[in-house]
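Heads up: the structure comes next, in C-alpha cells.
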Amino acid sequence: ESDPDDFEFESGYNYQDDTLAAFQDADIFDPTSLSKPLKDSSWTDLQRAVCDLLSELSYTKLAPLSQKDWKKQNVSASLTQLTLTLLVRQPSADAPSTACNTPLLDGHDELRHLGVQPLFVLRDRAMDGSHNYDALDDYLTTLQTMLAVDAAIHIHSQQSQDSLPSSLAPATIVGLSSLSALCNSREYLQSSKENRQKIRQCVLDNVEDLSSIVERSIPSAEDFKNAEDNVDKVPSWVRLILT
C-alpha cells in the first residue's frame, strides 16, 4: 500500500485557505446578506420562506429559556407581533379602508395551517407551570387584542362610510376559539386560583367585544322566519364556543 508520507505536495499551495477565501468573497455566510430579500423574489417565494421558518417553530425549542431570558429576549412580544402580522389584514393605500391586501396566508394551505403556530407557542409558555406561568399575562393580552380586531374594523368602516366585511376578521375568530379552548383546558383546571381568576377577568373585560362578535355571527331577524333553519345558519364554531 502507498503511504501518504511518500508523496511530496506543492509547498506553496493550501487548498483550505483558497476555499475559505472563496466563501468569504461570496459572503454566503454573512447574516446581513442572508437576511436581505432577493430582488427577483415573488410572493410565492415569500410564502414558502415563511412556511419553512414556521414549520421549525415549536415550544419544545424555546422551553429551556429561563424566565429571565424569556423576558430579556422579548419572546412574548415577538410571538404576538408575528401572530398579528400573519392574521390581521393590512389596509391598502390605494383602495377603500375596508379593502385589504391579500394576507400572507391566502392561497397557501400549508402556511394557513402554520399561521397560528406562534400563538400556540405563546399559549404553551403561558400554561407552563415549570416556568411559573410567566407568559400568561402576555397571552391574555394578545387574545384581547385579537378579539378587538373585528370591532375596530367595524368602527373604522362606519367612520369612513365604507361597507363592512361580511365575515369576521380571521384574527378575531382565532382569538375567540383560543380563549374558549383555554377556559376548557386541563391546564386551566389544574392552574392556581390566581391564574384562573386572571382568565375569568379577561373574559369579563371583553364582554363588549364578545357581544359584538355574537351579533355579527348570528343571522338577522329575517333569517329566523323559518325556525327549523336557525341552527344551520349559525356558524358551527360559534355554537361550539357559546356552549
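Because the structure is predicted, anything quoted here is derived from the model rather than measured.
- Taking all atoms of both residues into account, the shortest heavy-atom contact from Leu62 to Val121 is CD1-CG1, 3.7 Å.
- Atoms SG and CZ, from Cys183 and Arg196 in turn, are 12.0 Å apart once rounded to the nearest 0.5 Å.
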* Asked: Does the side chain to side chain contact (heavy atoms under 4.5 Å, CB included) test come out yes or no for Leu119 and Leu79, once each step is laid out?
  -> CA-CA 7 Å; Leu119 184 65; Leu79 292 171; over 6 Å; no
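- In the hydrophobic cluster analysis, where Ile, Leu, Val, Met, Phe, Trp and Tyr join through side-chain heavy atoms closer than 4.5 angstrom, Ile199 is grouped together with Leu189.
- Glu56 is not listed as a side-chain neighbour of Asp52, based on a closest heavy-atom distance of 4.5 Å or more.
- Once rounded to the nearest 0.5 Å, the distance linking CG of Leu182 with OG of Ser185 reads 5.0 Å.
- Counting heavy atoms from C-beta outward, Leu54 and Leu86 have side chains that approach closer than 4.5 Å.
- Taking all atoms of both residues into account, the shortest heavy-atom contact from Ala169 to Val149 is CB-CG1, 3.8 Å.
- The pair Asp134-Arg125 meets the salt-bridge criterion, since a charged nitrogen lies less than 4.0 angstrom from a carboxylate oxygen.
- The environment of Gln197 atom CD is dense: over 12 non-hydrogen atoms of other residues, nucleotides or ligands sit within 6.0 angstrom.
- The number of heavy atoms from other shown groups lying within 6.0 Å of NZ (Lys193) does not exceed 12.
- Considering NE2 of His131 and NZ of Lys68, their distance stands at 15.0 Å, rounded to 0.5 Å.
- The nearest pair of heavy atoms linking Leu136 to Ala126 is CA-CB, 3.6 Å.
- To the nearest 0.5 Å, the span separating CG on Leu114 from OG on Ser55 amounts to 6.5 Å.
- Between Phe120 and Leu57 there is no side-chain heavy-atom pair separated by less than 4.5 Å.
- When atom types are taken as modelled, the side chain of Thr85 and the backbone of Gln81 share a donor-acceptor pair closer than 3.5 angstrom.
- Taking CE of Met127 as the reference point, atom CZ of Arg186 lies at 10.5 Å (rounded to 0.5 Å).
- Asn195 and Tyr188 share no side-chain donor-acceptor pair at under 3.5 Å.
- Atom-to-atom distance recorded for Leu82:CG and Leu53:CG is 9.5 Å, nearest 0.5 angstrom.
- Smallest separation of non-hydrogen atoms from Ser178 and Leu143: CB-CD2, 3.7 Å.
- In terms of modelled atom types and a separation under 3.5 Å, the side chain of Ser177 and the main chain of Ile173 share a donor-acceptor contact.
- For Ser211, the side chain to side chain contact (heavy atoms under 4.5 Å, CB included) test picks out Val207, with sequence neighbours left out.
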* Run the side-chain hydrogen bond (donor to acceptor under 3.5 Å, both in side chains) check on Asp138 and Ser76 step by step: do they pass? -> CA-CA 6 Å; Asp138 296 327; Ser76 291; 3.1 Å; yes
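- A 6.0 Å sphere centred on NZ of Lys71 holds no more than 12 heavy atoms belonging to other residues, nucleotides or ligands.
- The shortest side-chain heavy-atom distance between Leu84 and Met146 falls under the 4.5 Å cut-off.
- No side-chain heavy atom of Thr83 sits less than 4.5 Å from a side-chain heavy atom of Leu122.
- For Gln67 against Asn132, the heavy-atom pair with the smallest separation is NE2-CB, 3.7 Å.
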